[in-house]
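Position 1 is the first residue of the sequence, and the numbers go up from there. When a ligand or atom number is given, it counts from 1 through the structure's own listing order.
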Amino acid sequence: MNEHIWQAIVACDPAYDGRVYYGLLTTGIFCKPSCKSKTPNKQNVRIYSSPEEAQRDGLRPCKRCRPDKPIHHSPDVELVEQLTRLIHERYHDSLTLSEMAAHLYISPFYLQKCFTRIMNMSPANYLKAIRVQAAKAMLAETKMSMTSIAHAVGFQNSAYFSSVFQKATGYAPTAYRAMMLEENGGNPRLIRTSDQ
Ligand SMILES: [Zn+2]
């Protein structure tokens, strides 16, 4: 399964709603990625590209998120969804407001205004939040250096990364790593063993 889709399911993030559905073979129910129901066991999840496809597999629509009902989105909500999806997929690149706007074929000014109204934060702050989230996982799960992590999540340098991280979490990246290490009894939850 595409890791971005799985992350959206875990975070109840609407970025993929209307494009992707997930079925739970254990319960016979299918949901939108944003469904607030309990996070399913990854190995029981099957991904579908339409409600019809899930129904052909014998699954019933969830009563909570109603994946069988079409989503009536205003063009602005649609735009916000496109941008959150773009940010999830490309947060590690340098993504300026103008680049994001160019991607979606609208003006930076309009994108900024519309996103901020619907999400209560600017695209830049959403991007930062996604980067910090990714950095947290790398700090806890790898031995990568601060510079490598800063670059891997899209920051130009580690000093800027450090200041954004600290502002968002209350911890310096090194302190956060030490804390996670301690929580795991001195062993990093290693997924990657070195810088890549
Ligand atoms: Zn559901």
Residue pairs, two or more places apart or on separate chains, that pass side chain to side chain donor-acceptor pair (under 3.5 Å) and touch [range]:
range	value
residues 81-93	D13-H88, Y16-E89, H73-E81, H88-Y126, R90-D93, R90-H103
residues 22-38	D17-S34
residues 105-114	D76-Y110

- prompt: Got a second to check how far Y21's OH is from D57's CG, nearest 0.5 Å?
  reply: 15.5 Å
query: Between K42 and E3, is the closest basic N to carboxylate O distance under 4.0 Å?
result: yes
task: Look at the side-chain heavy atoms of Ile, Leu, Val, Met, Phe, Trp and Tyr, link any pair under 4.5 Å apart, and say whether L24 and W6 land in one connected group.
output: yes
- prompt: Closer than 2.8 Å to the Zn ion (ligand 1), which protein N, O or S atoms?
  reply: C31 SG, C35 SG, C62 SG, C65 SG
